[in-house]
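For reference, the structure is listed below as structure tokens.
Throughout, a chain's letter reflects where its sequence line sits, starting with A, and its residues are numbered from 1.
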Amino acid sequence: MVSTIVSIILAGMFTDNMVLSKFLGICPFLGVSKKVGTAVSMGAAVTLVMVLATAVTWPVCTYLLMPNFEYLQTVVFILIIAALVQLLEIIVKKFFKALYNAFGIYLSLITTNCAVLGITILNFTDGLNYVESLFNALGAGLGFTLAMFIFSGVRVRLESSKIPKSLQGLPITLIAAALVSLSFMGFAGIGG
Amino acid sequence: MAKNKTLSYFTNGILNENPVLRLVLGTCPTLAVTTSLMNGVGMGVAATIVLVCSNVVISLLRNVIPSKVRIPAFITVIAGFVSIVQLLVKAYAPAIDASLGIFLPLIVVNCIILARAEMFASKNSVFPSLLDGLGMGVGFTVTLSLMGVIREIIGTGQIAISEEFIIPITSAVGIEPMLIFILPPGGFFVFGLLIALSNKIAERQGKKPVENAGCEGCPAKGMCENAEGCINNETEEKANG
């Protein structure tokens, strides 16, 4: 059991990294990774929402939707995530002021983040049980945070380097992402 | 004149405001499914169907939906159509279903669709919304196919239309394919170069290059519940201290 969980978390962080090998959550990866601080806050918010969303969607899907209403999965999941994010935002704003100031503003962006919906659906396509699903979400969230953290470091460097005019801005960012993704391919084989 | 305007709703999405290259929306499926031409086309067509249907329905409902709950309402409409498309693809094109995998249900959170609902369909009547959806969908499909073709030719040396029907390109003259192009790094790389190219063309026409992806350049910025929801520099500073 423990070894399964460790390998799930390792896979989520390195070999099957959410952003760099599954291409989920590219928008925040490119949009919110300009500074290390904001990148990590966004990562933390996504991790939290991923785990909570999995905690709610797994029982709902297993006990309410299966086996007859599986086709409702997409609709139900996105509504659960939207409601959950709103609720979380209200609670954090009301009771954890410091936390809200740190990453509250990222919460409303997360509703339409494909990484969150992606992980809740992937839990079922991979046939994981409840505990494994929770750790899968945790691993994926940590992997997302790691990718954001590394990439924001790369981007800080990019700011101060000389870049050919036509590649400035988004193109060089994407090419840098390609190199970071290439380095993550070196992890292939670990944890599996 | 009137005819030109109608036409421009359609062509806008293909050229001036190409959703992928100019608006930089829907980057996740763009990078993930374009490992081959057919995947790109499949994804593009599926997203186009959802886009057109949701644009029409949202445009019809634009006076009924209260503006405070419009985003959840839009998402519900979009999710409904995505489920329909998902079931249809599963039934009639199982091969495409297998290769698109999780990205088929993820059309729900494709920013292109939500952005067009928010920016266009909720403000315009049915016919222009339909054309806008169709134009954006075609623009999306064409860009995805282009990326698919580039990655498939360089990455495998051939183009596979179906399992039996394969057109050899560089593999016919014995050039070793570069596998890396159909792997994740290749996706980022080709996309980066395509954006650079489209920036270059835009610059010649006197337009601005795309500034940034994600929230900053997001035309759907206004939809984030709090006005501060989108990360611009101001809120970034607020968040930091």
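Checked against a 6.0 Å centroid threshold, the rings of Phe23(A) and Phe103(B) do not count as neighbours.
Only the side chain of Leu79(A) comes within contact range of chain B, with at least one heavy atom under 4.5 Å from a heavy atom of that chain. Contacts between Leu31(B) and chain A at a heavy-atom distance below 4.5 Å involve backbone atoms as well as side-chain atoms. Contact of Ile78(B) with chain A is not made at all, since no heavy-atom distance falls under 4.5 Å. Neither the backbone nor the side chain of Leu197(B) comes within contact range of chain A; no heavy atom of the residue lies under 4.5 Å from a heavy atom of that chain. Contact annotation for Ala82(A): neither backbone nor side-chain heavy atoms come within less than 4.5 Å of a heavy atom of chain B.
Contact count versus chain A (heavy atoms, under 4.5 Å) is highest, among Asn199(B), Val108(B), Thr76(B), Val82(B), for Val108(B).
When the heavy atoms of residues 157-168 of chain A are compared with those of chain B, the residues falling under 4.5 Å are Lys165(A), Ser166(A), Leu167(A), listed by number.
Here the OG1 atom belonging to Thr74(A) is positioned 8.5 Å from the CG atom belonging to Leu87(B), to the nearest 0.5 angstrom. Considering SG of Cys27(A) and CG of Leu25(B), their distance stands at 7.0 Å, rounded to 0.5 Å.
Shortest non-hydrogen contact noted between Val75(A) and Ala79(B) is CG2-O, 3.7 Å.
When the side-chain hydrogen bond (donor to acceptor under 3.5 Å, both in side chains) test is applied to Ser198(B), no partner is found at least two apart in sequence or on another chain.
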